[in-house]
Amino acid sequence: MEGKENEGMGSNFIRTIIEEDLKSGRTESVHTRFPPEPNGYLHIGHAKAIVINYETASEFGGVYNLRFDDTNPVKEEIEFEEAIKRDIKWLGYDWQHRLYYASDYFETLYEYAVELIKKGLAYVCDLSQDQVKELRGNLTEPGKESPFRNRSIEENLDLFKRMKNGEFDEGSRVLRAKIDMSSPNINMRDPVMYRILKKEHHRTGKKWVIYPSYDFTHGQSDSLEKITHSLCDISFENHRPLYEWFIDKLGIYPSRQIEFARLNLTYTITSKRFLKRLVDEETVEGWDDPRMPTIIGMRRRGVPAGAIREFMKSVGVSKKESLIDIDNFEYCVRDYLKKSSPQVMAVKEPLVLNIVNYPEDESENIETDTLPSNPGTAIRKIPFSKYLYVERSDYTDKDDPDFFRLRPGNFVKLRKSYIVRCLSATKDDSGNITEIQCEYIPGSLNMMKVDGKKIKGIIHWVSKDHSDECILRLYDRLFNAENPLRAKDADFKELLNKNSVRVIKGCRIESSVIKSTSPEDRYQFIRNGYFCADMKEFSPANPVFNMTISLK
RNA sequence: AGGGGCAUGGCCAAGCGGUAAGGCACCAGGUUUUGGUCCUGGCAUGCGGAGGUUCGAAUCCUUCUGCCCCUGCCA
């Protein structure tokens with residue numbers, strides 16, 4: 001079975017804060033949310049945010065929302081929404097009826113903006129984008145006030161209404177919060193609340209030509225949904241004063257934002273922008289390429305959702321910038337797979353093994369457990385006959401005392417089958433081995449010793465006439481650099497592993513397997529690693545398996 | 001010469017004044033019909049540095065240092 005999953009996120013600073021909030025009475029329950037922008041596919045970094053938000057709520061008996069942060073019609077698409085919902089569900093989380101859209105709040109947000117104008121806390125600014133930038137100042141110099149900052153409330157109200165009515169050109173005016181142009185926090189230097197964007201929105205259509213900015217949307221959306229704890233990544237830390245400013249000035253429900261460090265993994269990229277480049281430049285086959293750290297890519301690769309969840313729980317939550325060794329992730333994948341995967345035999349690079357003393361036309365069936373972790377629950381029969389396929393790499397004629405497998409003179413155990421003694425090998429004109437000859441020891445089916453000596457070499461095999469051809473796709477890391485985006489002055493594409501995929505055709509697999517396999521079924525191919533029937537391309541006519549991960 | 005944040009073993013990470021959890025990695029043994037798994041043992045006289053408070057400090061105070069983030073009408 002799949003074993004017990006750890007409950008909750010373990011001890012961390014967010015839990016401590018929530019416990020204090022509960023104790024002080026600031027809140028009586030916990031309600032979180034995951035707020036993706038539907039402009040791309042979810043990746044392993046998003047999975048961290050999902051797991052943290054959702055597991056934390058569950059841990060405290062609370063609930064969580066899914067909210068699409070769709071405030072920018074030029075970047076967002078319905079296609080991504082569907083993919084995001086699919087991925088979150090696959091990860092094992094159910095937001096039930098709590099699906100929201102920031103765009104559902106456009107009307108309310110507009111009213112909020114009017115309210116702030118009336119309070120003298122927002123104004124329409126006619127400066128060009130460049131002028132706004134110029135007056136904003138920089139990290140060490142304070143900004144200067146816009147000449148439009150002190151317009152009358154009436155004029156602001158009128159102008160803002162006309163912005164909404166489409167009377168002005170795109171980019172000609174914005175609505176800004178009147179905060180403090182000399183604030184050391186640049187986000188507080190009269191940030192933009194609304195911009196004119198004459199683009200059709202995928203949900204609201206042509207209704208709006210002005211759209212609220214992230215800062216003027218996020219906190220209020222949290223507030224409207226009564227989100228108690230808004231858990232986001234650390235890049236929003238500098239925005240928290242603004243988040244709180246809008247909530248405070250509007251006098252609405254005070255959601256609390258808490259930031260945690262993003263996930264970084266060695267040899268992988270967790271940046272939507274760079275992943276998009278890999279897709280656009282056709283470095284990979286798409287967002288669902290099994291080498292991609294996207295949720296869908298990993299799923300197609302064969303990574304179980306439970307392994308991703310377990311990984312997120314195991315690495316913990318903190319505010320420290322970290323680069324987690326990919327070994328931690330791979331451990332979780334193997335740990336999950338070894339408990340749950342059926343084990344069958346498949347030969348990657350087949351070489352014929354001829355058992356010289358076994359009758360030509362005979363065969364026999366050997367019964368064995370398919371789920372060794374649950375003995376007796378799944379028994380299958382493996383056909384054995386005179387001609388088998390074994391792994392080419394399991395034979396050598398070189399003199400190597402540490403090589404325990406097929407070598408002339410060696411005794412070797414054919415897993416679950418007979419003990420065999422390697423006799424010889426035949427080669428073709430160019431010196432390639434074409435067949436190995438062995439003799440088997442009748443009656444050695446359950447034996448592991450010869451002449452009282454334990455056999456050290458155990459190999460997998462498949463019967464030549466009782467096996468099917470299949471395709472194996474072997475994957476390796478996409479990047480050679482430990483930290484691709486930090487690699488000194490190198491284009492990250494130069495850091496690509498040229499051999500990140502190897503497709504092997506003509507592999508052989510036990511004949512019972514393919515006919516009972518569906519896309520996404522996972523196996524351990526004994527001694528070869530964990531494999532998953534490709535979710536897009538697998539069929540009995542095209543039996544392609546993706547290597548999820550090697551055995552260690 | 002601005003503001004915000006972070007510093008505990010190779011990588012994560014607990015700890016919240018009482019004498020350094022745990023996981024990964026690694027090393028050494030044992031088991032094993034996968035050179036896998038599993039089991040056992042090892043792995044920080046030390047918590048970025050320096051001072052100080054205290055019977056006692058990773059935890060409190062002072063100071064220094066290093067790294068990350070912030071100048072989109074992106075989110």
Side-chain angles (χ1 to χ4, degrees), chain A residues 10-13 16 35-37 39-40 69-72 74-76 102 125 127-129 132-143 170-176 182-189 191-197 210-211 213-215 217-218 232-241 259 261-262 265-266 272-273 311 313-332 334-335 338-339 343 345 368 372-373 402-405 413-417 419 445-448 454-460 524-529 550-552:
Chain A
S11 184
N12 64 67
F13 78 102
T16 304
E37 181 187 17
N39 71 341
D69 221 335
D70 54 349
T71 60
N72 188 346
V74 322
K75 296 170 70 177
E76 295 147 10
C125 181
L127 255 24
S128 71
Q129 202 161 329
V132 169
K133 186 176 177 179
E134 222 179 289
L135 292 186
R136 187 154 32 222
N138 57 42
L139 297 182
T140 50
E141 312 262 325
E170 210 169 276
S172 63
R173 285 181 165 82
V174 291
L175 182 72
R176 293 226 254 168
S182 63
S183 171
N185 181 343
I186 294 176
N187 294 309
M188 299 299 270
R189 319 240 261 228
V192 170
M193 295 163 60
Y194 268 91
R195 72 282 211 198
I196 300 170
L197 246 28
I210 57 171
Y211 290 93
S213 64
Y214 165 83
D215 284 311
T217 304
H218 200 85
C232 61
D233 84 66
I234 212 140
S235 61
F236 296 101
E237 197 157 33
N238 291 330
H239 292 249
R240 189 176 354 117
E259 312 84 11
R262 307 174 38 109
L265 276 176
T266 55
K272 212 190 287 190
R273 190 178 137 226
F311 170 65
K313 292 173 186 175
S314 76
V315 296
V317 187
S318 76
K319 298 189 74 159
K320 185 170 108 183
E321 185 187 68
S322 62
L323 179 61
I324 295 169
D325 198 320
I326 192 75
D327 285 343
N328 286 274
F329 178 69
E330 297 187 341
Y331 169 83
C332 291
R334 289 193 183 95
D335 189 55
K338 77 188 171 204
K339 294 169 188 159
Q343 300 186 0
M345 294 197 282
T368 187
S373 52
D402 293 326
F403 190 87
F404 306 132
R405 291 107 78 197
K413 178 73 177 179
L414 297 176
R415 195 171 197 274
K416 298 293 177 184
S417 176
I419 293 173
L445 223 39
N446 296 309
M447 287 166 45
M448 283 306 289
K454 184 122 184 168
I455 295 198
K456 285 180 134 176
I458 302 155
I459 64 171
H460 60 284
Q524 181 191 142
F525 290 166
I526 289 161
R527 294 213 307 137
N528 269 327
S550 63
L551 295 172
K552 225 172 153 190

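Within 4.0 Å of N238(A), counting heavy atoms only, lies at least one base atom of the nucleic acid. L445(A) comes within contact range of at least one nucleobase, with a heavy-atom separation under 4.0 Å. Contact annotation for K413(A): base contact, defined as any heavy-atom pair under 4.0 Å involving a base atom. Note on H460(A): nothing from the nucleic acid sits closer than 4.0 angstrom, heavy atoms only. Nucleic acid contact class of T266(A) (heavy atoms, under 4.0 Å, all strands): none. Among the protein residues, K313(A) comes within range of no part of the nucleic acid, since none of its heavy atoms lies under 4.0 Å from any strand. Among the atoms of the strands shown, none is found under 4.0 Å from any heavy atom of S172(A). Backbone-only contact: V317(A) has heavy atoms under 4.0 Å from sugar-phosphate atoms and none from a base. Contact annotation for F236(A): base contact, defined as any heavy-atom pair under 4.0 Å involving a base atom. Counting non-hydrogen atoms under 4.0 angstrom, V315(A) reaches the backbone sugars and phosphates but no base. Among the heavy atoms of the strands lying under 4.0 Å from Q129(A) is at least one base atom, whether or not backbone atoms are also near. Backbone-only engagement by T71(A) is indicated by non-hydrogen atom pairs under 4.0 Å involving sugar-phosphate atoms exclusively. If you check every strand for non-hydrogen atoms under 4.0 Å, N39(A) touches nothing. I326(A) comes within 4.0 angstrom of no nucleic acid atom, judged by non-hydrogen atoms across all strands.
Taking the P atom of each, U19(B) and G29(B) are spaced 35 Å apart, rounded to whole Å. One C1' atom belongs to A57(B), the other to G46(B), and the distance between them is 13 Å to the nearest Å. For the C1' atoms, the distance from G49(B) to C70(B) is 28 Å, rounded to whole Å. When the P atom is compared between U59(B) and G17(B), the two are found 11 Å apart, to the nearest whole Å. Rounded to the nearest Å, the gap between the C1' atom of C55(B) and that of C67(B) is 37 Å. The C1' atoms of U63(B) and C27(B) are separated by 41 Å, rounded to the nearest whole Å. When the P atom is used for both A44(B) and A21(B), the distance is 10 Å, rounded to whole Å. Using C1' as the reference atom, U65(B) and A50(B) are 10 Å apart when rounded to the nearest Å.
T217(A) and D215(A) share no side-chain donor-acceptor pair at under 3.5 Å. Under 3.5 Å, the side chains of R415(A) and H460(A) contain no donor-acceptor pair of N or O atoms.
For G2(B), the paired base is C70(B) (Watson-Crick or G-U wobble, both distances below 3.5 Å). Using N1 to N3 plus N6-O4 or O6-N4 for Watson-Crick, or N1-O2 and O6-N3 for G-U wobble, each under 3.5 Å, U40(B) pairs with A28(B). Pairing for U19(B) is absent, with no Watson-Crick or G-U wobble pair whose two atom distances lie under 3.5 Å.
Checked against side chain to side chain contact (heavy atoms under 4.5 Å, CB included), V174(A) has the following partners two or more places apart in sequence or in another chain: C125(A), R176(A), V192(A), R195(A). Residues that satisfy the side-chain hydrogen bond (donor to acceptor under 3.5 Å, both in side chains) test with D325(A), not counting sequence neighbours, are absent from this structure. Under the side-chain hydrogen bond (donor to acceptor under 3.5 Å, both in side chains) criterion, D335(A) pairs with K338(A), K339(A), not counting sequence neighbours. Applying the salt bridge (Lys or Arg N to Asp or Glu O under 4.0 Å) criterion to E134(A), with sequence neighbours excluded, gives no partner residue. Residues satisfying the salt bridge (Lys or Arg N to Asp or Glu O under 4.0 Å) criterion with R405(A), sequence neighbours excluded, are D394(A).
Nucleotides of RNA chain B nearest to F13(A) and V192(A) differ in position, and the one nearer the 5' end is that of F13(A).
A sub-4.0 Å separation between OP1 or OP2 of A13(B) and a side-chain N or O of K320(A) is present.
Nearest to the side chain of R136(A), among C24(B), A13(B), G72(B), sits G72(B). Of the candidates U33(B), C67(B), G4(B), the closest approach to any side-chain atom of K454(A) belongs to U33(B). Closest approach to the S322(A) side chain among U33(B), C12(B), C73(B) is made by C12(B) (side chain taken as heavy atoms from C-beta onward).
Here G3(B) presents its C1' atom at 10 Å from CG of N187(A), a figure rounded to the nearest Å.
Ring planes of F329(A) and F311(A): perpendicular class, angle over 60° (limits at 30 and 60°).
A donor-acceptor contact under 3.5 Å is not formed by the side chain of D325(A) with the base of G10(B).
Checked by atom type and distance alone, the side chain of S213(A) never pairs as donor or acceptor with a backbone atom of Y194(A) at under 3.5 Å.
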Review point. Between S172(A) and I196(A), does a side-chain contact (heavy atoms from CB on, under 4.5 Å) hold up when you go through it step by step?
Key: CA-CA 8 Å; S172(A) 63; I196(A) 300 170; 3.9 Å; yes
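Nucleotide G49(B) is shown with an anti base, its glycosidic torsion being more than 90° from 0.
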Review point. When every nucleotide of nucleotides 34-43 of chain B is labelled 5' to 3' by its protein contacts under 4.0 Å (heavy atoms), B for base, S for sugar-phosphate only, - for none, what sequence of letters results?
Key: BBSSS-----
